[in-house]
Amino acid sequence: MADSADSKPTFGAGGGGMTVEECQNMIQRTPMVKFLKENLEKSGCGIGSNFIKAIHCKGATAGGYVRGEGIVVCSNHLQIQDEVTQVVIHELIHAYDECRAANLDWSDCAHHACSEIRAGHLSGDCHYKREFLRGFMKIRGHEQFTCACKLHPFLSNLMPKLCLSDLMLKECVRRRVMKSVTANPYCSEAAAKDAMEAVWDTCYNDTKPFDRAP
């Protein structure tokens, strides 16, 4: 099972999450779900209407993908639409990767790392709002927030807090990949790090089925 890393909710106040019914309704309202489902079907992997299910989870995870079964989204660990959307996209990337790579082996550290790199990069896991609310950054100025990699330098000086630098985005993805892959019983910390580094460039720059990272 490919679980979502850093699974604690990052938005909202209070605890207890939402009901299964509320979560299932939010899953259906996620625009990206239709796009990713269509691309799964184009890749030869048609999925049923219950492929993505909201459930009440006992473990401390926000959701996961299980080969041959589908995606579960843990309603009791999520509180708002944005959280549900991020989890669903993350897990659909795993499903898409398994669909297009017939030999994907989740016990292979490099295979697992590659899919986690892509899911972390493409799902919005590392959006600056999530990183800030996880406690991984502080609003201090240009060294923490910069648009230099995304926007014209002139605009980055005017709006330094609108997006993460490319370096910080990659640091976030790396951290989350390591958390997920080291949880794989077949991957020690050293093996996980070696695998991540070996596939990083190829997998980080692979944005399929998107033309570019959302």
Side-chain angles (χ1 to χ4, degrees), residues 1-10 36 57 59-68 71-74 77 83 86-138 140 143-146 148-150 163-210 212-214:
M1 180 172 175
D3 295 324
S4 291
D6 285 0
S7 57
K8 292 182 180 179
T10 54
L36 290 169
C57 298
T61 184
Y65 168 68
V66 182
R67 170 180 281 172
I71 293 167
V72 294
V73 182
C74 300
H77 295 314
E83 292 177 347
Q86 181 267 313
V87 171
V88 172
I89 295 173
H90 184 109
E91 302 306 337
L92 277 170
I93 294 295
H94 288 319
Y96 177 80
D97 285 348
E98 187 169 78
C99 176
R100 67 173 182 157
N103 65 338
L104 193 152
D105 180 358
W106 293 106
S107 67
D108 184 306
C109 303
H111 288 194
H112 188 178
C114 184
S115 191
E116 292 295 349
I117 289 168
R118 282 177 30 77
H121 184 203
L122 301 176
S123 67
D125 286 353
C126 289
H127 189 280
Y128 78 89
K129 290 187 296 184
R130 294 188 178 92
E131 281 294 88
F132 177 69
L133 291 171
R134 289 177 187 128
F136 285 102
M137 63 166 50
K138 298 178 181 178
R140 295 190 310 203
E143 75 276 17
Q144 288 292 343
F145 291 88
T146 176
C149 297
K150 300 284 186 180
C163 63
L164 285 170
S165 70
D166 189 57
L167 176 61
M168 292 184 68
L169 171 63
K170 289 178 178 178
E171 287 177 350
C172 169
V173 174
R174 287 177 183 275
R175 184 189 77 245
R176 293 168 64 77
V177 169
M178 284 296 295
K179 182 170 183 176
S180 291
V181 180
T182 54
N184 185 330
Y186 296 95
C187 303
S188 64
E189 184 173 355
K193 185 173 182 179
D194 288 346
M196 179 179 68
E197 296 299 340
V199 302
W200 178 267
D201 287 342
T202 298
C203 300
Y204 189 84
N205 291 313
D206 179 2
T207 62
K208 293 180 181 178
F210 305 101
R212 57 183 176 82

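- Nearest heavy atom pair, residue Gly63 against residue Cys74, reads N-SG, 3.9 Å.
- Residues satisfying the side-chain contact (heavy atoms from CB on, under 4.5 Å) test with Thr202, not counting sequence neighbours, are none.
- Atom CG of Leu169 is separated from atom CZ of Arg174 by 11.0 Å, given to the nearest 0.5 angstrom.
- The line from SG of Cys187 to NE2 of His111 is 11.0 Å long, rounded to the nearest 0.5 Å.
- Legend: residues meeting side-chain contact (heavy atoms from CB on, under 4.5 Å) with Ala101, ordered by chain and number and at least two apart, are Asn103, Leu104.
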Under the side chain to side chain contact (heavy atoms under 4.5 Å, CB included) rule, what do Val88 and Val73 come out as? Steps first, then yes or no, please. CA-CA 7 Å; Val88 172; Val73 182; 3.9 Å; yes
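- The two residues Val181 and Ala192 come nearest to each other via the heavy atoms CG1-CB, 3.5 Å.
- Note: Tyr65 OH to Tyr96 OH = 13.5 Å, rounded to the nearest 0.5 Å.
- The ring-ring contact (aromatic ring centres under 6.0 Å, His included) analysis of residues 189-209, with sequence neighbours excluded, yields the pairs His121-Tyr204, Trp200-Tyr204.
- In this view, Ala183 satisfies the side-chain contact (heavy atoms from CB on, under 4.5 Å) rule with no residue, not counting sequence neighbours.
- We find the CE-OG1 distance between Met196 and Thr182 to be 10.0 Å, quoted to the nearest 0.5 Å.
- Between Ser115 atom OG and His90 atom NE2 the span is 7.5 Å, to the nearest 0.5 Å.
- In terms of heavy-atom proximity, His94 sits nearest to Ala119 at CE1-CB, 3.8 Å.
- Between Glu197 atom CD and Lys193 atom NZ the span is 6.5 Å, to the nearest 0.5 Å.
- Partners of Cys99 under the side-chain contact (heavy atoms from CB on, under 4.5 Å) rule, at least two apart in sequence or in another chain, are Leu40, Ser43, Cys45.
- By the 4.5 Å heavy-atom criterion applied to side chains, Met178 and Glu116 are not counted as neighbours.
- At a threshold of 4.5 Å between non-hydrogen side-chain atoms, the residues Leu122 and Ile89 do not count as touching.
- Residues Val199 and Ala113 come closest through the heavy atom pair CG2-CB, 4.3 Å.
- For Tyr186, there are no ring pair (Phe, Tyr, Trp, His ring centres under 6.0 Å) partners, not counting sequence neighbours.
- Of all heavy-atom pairs between Trp106 and Asn184, the closest is O-ND2, 2.6 Å.
- Val173 approaches Cys126 most closely through the heavy-atom pair N-SG, 3.4 Å.
- Residue pairs meeting the salt bridge (charged side-chain N to carboxylate O under 4.0 Å, His left out) criterion with at least one member in residues 96-113, sequence neighbours excluded: Arg67-Glu98, Asp97-Arg100, Asp97-Arg118, Arg100-Asp206.
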